[in-house]
Novice: 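Okay, here's the structure, questions in a sec.
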Amino acid sequence: MARKREGSALDFLSVCICILAMSIVVTAYFYCSDLLLRKGQVSQVARCYILKMETVGCLTEGDKNRMLAELQSIGLQGIDLTGSTMNPVEYGDSVILHIRGKIQGKMWGENHDLFQSIFTVREVPVEEMRMSTAKH
């Protein structure tokens, strides 16, 4: 008759704890990579519009509205364009695009209670500044 191996319950418990820990790490990775992806999208939008600003000499009202719509679709909230070149400048002068806002994302909580604060929704500040020369 086969005897039950001693310690098999402890082996099973350690495997369960490892699986739980790995699933928490993987979930945190996906949340962080989502924030990085959206920050990269904000950078791409800023690059696109600074190139348009080079050719026009400023951020036109139409471009501003399209850019705001694109940024909002990414999830950027509280968008502030203070410091951006809104009025036309001469050939060779600097054009500046300064975007500030916040993206909501799930991050590891601030509390030390594991069950209350695994992942909480927080606003992450985003700032993107591009500078170029007017070439119109």
Novice: Is there a path from Leu76 to Leu68 through hydrophobic residues (I, L, V, M, F, W, Y) whose side chains come within less than 4.5 Å of each other?
Specialist: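 The answer is yes; both residues are in one hydrophobic cluster.
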Novice: Going by side-chain heavy atoms closer than 4.5 Å, which hydrophobic residues are tied to Phe30, directly or by a chain of links?
Specialist: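 The other cluster members (ILVMFWY side chains, heavy atoms under 4.5 Å, direct or chained) are Val26, Tyr29.
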Novice: Throw together a table of side-chain donor-acceptor distances under 3.5 angstrom for residues 126-133, partners on residues two or more places apart or in other chains.
Specialist:
from: Glu127; atom 1: OE2; to: His98; atom 2: NE2; distance (Å): 2.6
from: Glu128; atom 1: OE1; to: Lys39; atom 2: NZ; distance (Å): 2.5
from: Glu128; atom 1: OE1; to: Ser43; atom 2: OG; distance (Å): 2.9
from: Glu128; atom 1: OE2; to: Ser43; atom 2: OG; distance (Å): 3.2
from: Glu128; atom 1: OE2; to: Arg130; atom 2: NE; distance (Å): 3.1
from: Glu128; atom 1: OE2; to: Arg130; atom 2: NH2; distance (Å): 3.3
from: Arg130; atom 1: NH2; to: Ser43; atom 2: O; distance (Å): 3.4
from: Ser132; atom 1: OG; to: Glu54; atom 2: OE2; distance (Å): 2.3

Novice: With hydrophobic residues grouped by side-chain heavy-atom distances under 4.5 Å, do Ile74 and Ile50 end up in a single group?
Specialist: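 Yes; tracing contacts between hydrophobic side chains, which count when under 4.5 Å, links both residues.
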Novice: Sort and list the pairs that fulfil salt bridge (charged side-chain N to carboxylate O under 4.0 Å, His left out) and have at least one residue in residues 16-36, not counting sequence neighbours.
Specialist: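 The answer is Asp34-Arg38.
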Novice: In the hydrophobic cluster built from side-chain contacts under 4.5 Å, what are the other members alongside Val56?
Specialist: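 Val56 clusters with nothing; isolated.
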Novice: According to a hydrophobic-cluster definition based on side-chain heavy atoms being under 4.5 Å apart (Ile, Leu, Val, Met, Phe, Trp, Tyr only), do Val45 and Leu35 belong together?
Specialist: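 Yes, Val45 connects to Leu35 through the hydrophobic network.
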Novice: Evaluate the side-chain contact (heavy atoms from CB on, under 4.5 Å) criterion for residues Met67 and Leu59: first the C-alpha distance (whole Å), next the side-chain angles of each, then the deciding distance (0.1 Å), finally the verdict.
Specialist: CA-CA 10 Å; Met67 182 180 67; Leu59 183 63; 3.8 Å; yes
Novice: What's the spacing between Gln41 CD and Ile103 CD1 if we round to 0.5 Å?
Specialist: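 The CD1 atom of Ile103 is 8.5 Å from CD of Gln41, to the nearest 0.5 Å.
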Novice: Filter on side chain to side chain donor-acceptor pair (under 3.5 Å), then keep only pairs touching residues 77-89, sequence neighbours left out; what's left?
Specialist: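 Passing the test, one end in residues 77-89: Asp80-Thr82, Asp80-Arg100.
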Novice: Of all residues at least two apart in sequence or in a different chain, which pass the side-chain contact (heavy atoms from CB on, under 4.5 Å) check with Leu20?
Specialist: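 Expected list: Ser23, Ile24.
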Novice: As an exercise, state the distance from CD1 of Ile96 to SG of Cys58, rounded to the nearest 0.5 Å.
Specialist: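 The distance works out to 13.0 Å.
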Novice: Considering residues at least two apart in sequence or located in another chain, which fulfil the side chain to side chain donor-acceptor pair (under 3.5 Å) criterion with Glu70?
Specialist: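 So Glu70 forms a side chain to side chain donor-acceptor pair (under 3.5 Å) with Tyr49.
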Novice: Taking all heavy atoms of Gly57 and all of Ala134, pick out the closest pair and write down the distance.
Specialist: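 Closest approach of Gly57 to Ala134: CA-CB, 4.2 Å.
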Novice: Taking side-chain contact (heavy atoms from CB on, under 4.5 Å) as the test, write out the residues that go with Glu90, two or more places apart.
Specialist: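 Testing Glu90 for side-chain contact (heavy atoms from CB on, under 4.5 Å), a comparison that skips the adjacent residues, returns Asp93.
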Novice: Go through the steps to decide whether Met86 and Leu81 satisfy the test side-chain contact (heavy atoms from CB on, under 4.5 Å), and finish with yes or no.
Specialist: CA-CA 9 Å; Met86 300 292 187; Leu81 299 175; 3.9 Å; yes
Novice: Go through the steps for Thr55 and His136 under the test side-chain contact (heavy atoms from CB on, under 4.5 Å), then give the verdict.
Specialist: CA-CA 5 Å; Thr55 60; His136 62 289; 5.5 Å; no
Novice: Specify the closest pair of heavy atoms between Leu97 and Ala46, including all atoms of both residues, with the distance to one decimal.
Specialist: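 Here Leu97 and Ala46 meet closest at CD2-O, 3.5 Å.
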Novice: List the residues meeting side-chain contact (heavy atoms from CB on, under 4.5 Å) with Lys102, not counting sequence neighbours, and say none if there are none.
Specialist: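 Testing Lys102 for side-chain contact (heavy atoms from CB on, under 4.5 Å), a comparison that skips the adjacent residues, returns Glu123.
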